[in-house]
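Remarks on the structure that follows.
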Amino acid sequence: MQIFTCPFCGPRSETEFHFVGDFPKPRPDGMAKVSAEMWSDYLHNQNNPKGAASELWMHMACHEIFRMDRHTVTHEVTGSYALSSEAQS
Amino acid sequence: MTAYRVATGGLVDRSKTIRFTFDGKTVEAVEGDTIASALLASGVSIVARSFKYHRPRGVWGAGVEEPNAIVDVSGPVSLTNARATTVLARNGMIVCSVNAAPTAVSDRNAFIDRFARFIPAAFYYKTFMFPTWSLFEPSIRKMAGLGTIVPEGAAVPAADQVNVGCDVLVVGAGPAGLLAALRAAETGCKVILCDDGFAVGGSLLHRSCSIDGMDGRSWADETVARLHALGASVLTRTTAFGIYDHGLVALSQLDAVNGRDRLWRVRPGKVILATGAIERSLPFANNDRPGVMLAEAGLAYLKRYGVAPGRKVVVATNNSVGKATADELSALGISVTLVDSRNGSEIATVNGAKHVESVTLSDGSTITCDAVLVSGGFTPTLHLYCQAKGKLTWDETLQTFVAGAPVPGISVAGAAAACFDIALVVDSVRLALSQCEIDAGNTPASALSLPAFDISPAWPKAGQSGRVWIDLQNDVTAKDIELAARENFVSVEHLKRYTTLGMATDQGKTSNLAGIALMASLTDRSIPEVGTTTYRPPFTPVPFTSLSGARQETMLNPPRRLALEEVHRAMGARLMEYGGWIRPSHYGEGPMEEAAQREALAARESVAIFDGSPLGKIEVVGPQAAELLDFVFYNSMSSLKPGRCRYGLILSESGLVYDDGVVIRVDENRFIVSCSSSHVAGVHTMLESWRQDRFSTDKVFIHNATTAYATVTLSGPKSKAVLEAAGLVIDDATLAHMTTSEVSLGDLAVRVTRVSFTGDRSYEVSVRADQAERLWQLLSESGKPFGIAPIGMEALLILRAEKGYIVIGKDTDGTTLPMDLGMNGPLKSKRVEFSGNRSLLTAEATRPDRPNFIGLEVMDDGGPFAPGAHGIEMTEGRLRSLGYITSSYHSPTLNKPIALALIERGYSRIGDIIEVQHLGARRRARICAPCVFDPEGDRLNG
């Protein structure tokens, strides 16, 4: 079982966390101005890299979303970072 | 004493007799016996029938490596597929052989072995293909396999789970593990030492040796005492079965305290594997006969349990340790004949139909004997090293795979490090400690000079005569491996799956290497070129009860309880689970359906009181609160005036309806999201996600106050009168439908919100949860003159269905879009971004034949439709579903059946008659609007 570090609560068991998405992953705003392909890519595709990955996770105990960098093969966690308080979009 | 029990010696207490039954016959054991040692002592030779051919099999090993002696145990607790070698004999145990009927000795399927040459590996795949495997599978499964599953309700071992950290975890308490643990503990490390045996000592329990001037067993006991004094934990009957991510090691401890098992999740700084080595077999015909067993096991039975493996024993070996075993047995008074392939002498075949009677050597001579002990070399137990991504390398001198490059934080010592001689243990432990950066004060040896462990290869060969068994548990012979090679299943992973070599409960602990070696020679490859299959946890089977621990039923999924539960119970409520909450389904005696009808009617006629506390109460506060809700809700919320409420849908980004609910704007910067009671956690998470993604986290805040308040709902034409009787002066102008107000009710501070899920005038009265009972009593008392009636969830579900109000997850599914529910407005008018907006423009979302939420009128006297029944039509001669019925009830108000459904193009078919099919029976239905009661909504203010 992996140990992830919430920037607010410290190291915790992976079962306390939910995967949110890639970091960064901007949402394409604009309704009809967004092409079907762009929207589909946003909805369905994750980077799923083999190796170093930057991801957003939510710590379900405190509900804070943070950035976590980890290696998808070795499962090594290389860093956890709080997001800035400004809007992320 | 029994047939094979020797007079003295061993770790058993001969003065305490234990009786259990095996296949119905009483077996006498002594305290300290395993089931296996007791059976051997009693002369029970056939303990199992093999997996496929139903061949007679005897005890093969003395520990976790056992492939044959698999038994089902019932009473006092039930164990399925237990290894007889690792379960202590207890009084009253009922032990049964597996895959044998009625008993292992007289198995009615024993005839199958005579047809063995017609059913080699993959016979089933090739033969039972037509028309379909599933036709044959049940009867074949019945004839093959291992134990039977424990019947529901039988007592199974209870289990606890423990999480613990330590500096050093030492796996295996043989000489190397004990020494490593001691040295580590002496440096001040917090040490856990575990061993799967009943006692610590490993090979010291059966091999003679002298350490520090003491005999091995005494040294082991003294070392444990020193470890305890140093504060180390020493766990017996504890198997480290897996290494997982980030260094988690899982231990399964059997019978830890008062018969309870224990699962340990250990986070060690370092791991030292002193897991020993497992002996291998030798390839000769009928090497599976009862009476043939591993040499080390034979010695263990004699020295640990005082049971002689036979009266006249042949020891067959190809290595120096095997010979030492023979010498030790001989010194203990057993009549031993050594057959050592290093001297050119080999067994060709074992004779005897149900037990060893003699062996014929390759030179044609015959030796009469009643036991054959085999030693074909040793395979270091490196499962955990391999699970941790360690890579094995082949050692030609030792004829085995050994650990390759060290894995950070994990080192290997003793026989696991291929030091098969006790003299090497000290150096091996030093090296292991230094690799783990534990400074034990000794100059670490840089490399070990291995002494002459002498072994000559004795792998199975192609074309050997007779049936040479490789994998006893899965009935794999040398000929099966040859077949796999002929049919090009030459990769080790294909070999495993084609022949089942190394599968099932023992995972090939004694057999894999022989199979790999034979495949290597058949395909002109070296053994390391063939390689091993991937090592995965668990090392040995782990009871499911240990893996689940206490996390079962309500401990896994704790029910949520109402503040008013006791009040409901006192009123005769029947409680059921709705969306995780235990809520009243109805009140009083009699069938639920009748009670629901009665309650629904009362609600329409006068006034009902209902506990709506689980309804979501998520507060969204701050200057950007309106903006956040505009984004999360499909409907516009920023245009809502303070003090007013609005119904809305929440969509996921894929446009699907995730939840619905009423939003209350308490004041300019404060909202309450009243989402579905079963979706509170999900909606809370969704709000938080968007808050942190798109908004300034210091300008909007979210607080889930659902359980801080209780909500008591009054609904019905007399609801206003009840509130007035309770002391609240209500003015319809200031508290109109879809408005809210914070008021005092007596000395209770309450929020009264006029929203309706029944279609009647309704008031939701919310109060601090600890004051819920007082509120309920006040309203109940005030309602008495008006005939107030408590109603449960079932009545509410009927009332809302009469109005065509949806329940998320019941009237919607994972494909429902807002337009399917007739909600097109916001998509046309909303000018700001909202969750899922772009998804509503896709081809899928805009196709004209989407399902629509409609009502169905019953056309006959057949009562309500079955929920889930499909609307159907014939298209080009084929029956096709138009959608299905989501809700169906008898309406007490209208005294007729009503139904809600999602039907293709439903809105353009209002008035049409369609056919509805359920379990083959067809009825007719007329499509109508979902709301069949008070469509004008007059009763909301009635």
Side-chain angles (χ1 to χ4, degrees), chain A residues 1-5 7-8 11-15 17-45 56-67 70-78 82-89, chain B residues 163 165 242-250 265-267 388-389 407-408 551 624 627-628 631 652-656 681-682 684-704 827-828 830-846:
Chain A
M1 196 182 302
Q2 302 178 83
I3 293 182
F4 295 161
T5 300
F8 308 94
R12 300 292 187 105
S13 160
E14 65 173 278
T15 54
F17 298 84
H18 277 189
F19 177 70
V20 174
D22 290 325
F23 177 87
K25 188 175 188 179
R27 180 185 192 270
D29 285 354
M31 280 294 272
K33 278 181 258 162
V34 179
S35 72
E37 289 71 24
M38 269 176 73
W39 187 252
S40 168
D41 182 54
Y42 161 73
L43 275 188
H44 306 297
N45 295 334
L56 290 173
W57 287 75
M58 180 184 269
H59 184 211
M60 300 309 287
C62 71
H63 273 122
E64 291 290 341
I65 295 175
F66 62 97
R67 171 186 161 195
R70 63 188 198 99
H71 195 281
T72 59
V73 178
T74 64
H75 289 185
E76 187 192 357
V77 176
T78 50
L83 303 178
S84 84
S85 65
E86 292 308 303
Q88 299 299 317
S89 52
Chain B
N163 298 291
I243 290 192
Y244 298 87
D245 284 325
H246 295 188
L248 175 75
V249 186
R265 294 193 201 90
V266 186
R267 296 272 181 191
K389 304 282 189 284
V407 174
R551 285 179 301 145
Q624 284 189 345
E627 213 181 315
L628 170 62
F631 184 85
S652 68
E653 277 282 68
S654 46
L656 302 172
H684 183 195
T685 301
M686 195 183 249
L687 285 163
E688 268 298 349
S689 299
W690 287 125
R691 166 184 170 261
Q692 293 174 51
D693 186 63
R694 296 180 69 91
F695 299 90
S696 301
T697 47
D698 53 357
K699 294 204 171 66
V700 54
F701 304 90
I702 294 157
H703 172 60
N704 179 6
L827 178 60
K828 292 195 184 105
K830 204 166 166 179
R831 293 287 163 262
V832 295
E833 290 289 319
F834 58 93
S835 171
N837 58 348
R838 179 59 182 84
S839 295
L840 302 182
L841 304 179
T842 59
E844 169 63 21
T846 50

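Bear in mind the structure is a predicted one, so any value in this text is a computation, not a measurement. First the proteins, then the strands, lettered A, B, ... as listed; each starts at 1.
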Would you compute the distance between atom CZ of B/Arg838 and atom CZ of A/Arg27 and round it to the nearest 0.5 angstrom?
11.0 Å
For B/Ser835, is it the side chain, the backbone, both, or neither that has a heavy atom closer than 4.5 Å to a heavy atom of chain A?
backbone
Is a side-chain donor or acceptor of B/Glu833 paired with a backbone partner of A/Asp29 at a separation under 3.5 angstrom?
no
Within a strict 4.5 Å, meaning less than it, do heavy atoms of the B/His246 and A/Glu14 side chains meet?
no
Should the heavy atoms of other residues, nucleotides or ligands under 6.0 Å from NE2 of A/His71 be counted, would the total exceed 12?
yes
Winner by heavy-atom pair count (cut-off under 4.5 Å) against chain A, out of B/Asn163, B/Leu841, B/Thr842:
B/Leu841
Verify side-chain contact (heavy atoms from CB on, under 4.5 Å) between B/His684 and A/His63, making sure each step is shown before the conclusion.
CA-CA 9 Å; B/His684 183 195; A/His63 273 122; 3.3 Å; yes
Side chain, backbone, both or neither: which part of A/Ser13 has an atom under 4.5 Å from a heavy atom of chain B?
neither
Portion of A/Met58 that has a non-hydrogen atom of chain B nearer than 4.5 angstrom
side chain
Do A/Met60 and B/Thr685 touch side chain to side chain, with heavy atoms closer than 4.5 Å?
yes
The reported gap from CG in B/Asp693 to CG in A/Leu56 (rounded to nearest 0.5 angstrom) is 8.0 Å
Contact class of A/Leu43 relative to chain B, heavy atoms under 4.5 angstrom:
side chain
Relative to chain A, which segment of B/Glu653 carries a heavy atom at a distance below 4.5 Å: side chain, backbone, both, or neither?
both
Is A/Val20 in contact with chain B via its backbone, its side chain, both, or neither, using a 4.5 Å heavy-atom distance?
neither
Which heavy atom in A/Ile65 sits nearest to a heavy atom in B/Gln692, and how many Å separate them?
N-OE1, 2.6 Å
Of all of A/His75, A/Met1, A/Glu76, which one pairs up most often with chain B through heavy atoms under 4.5 Å apart?
A/Met1
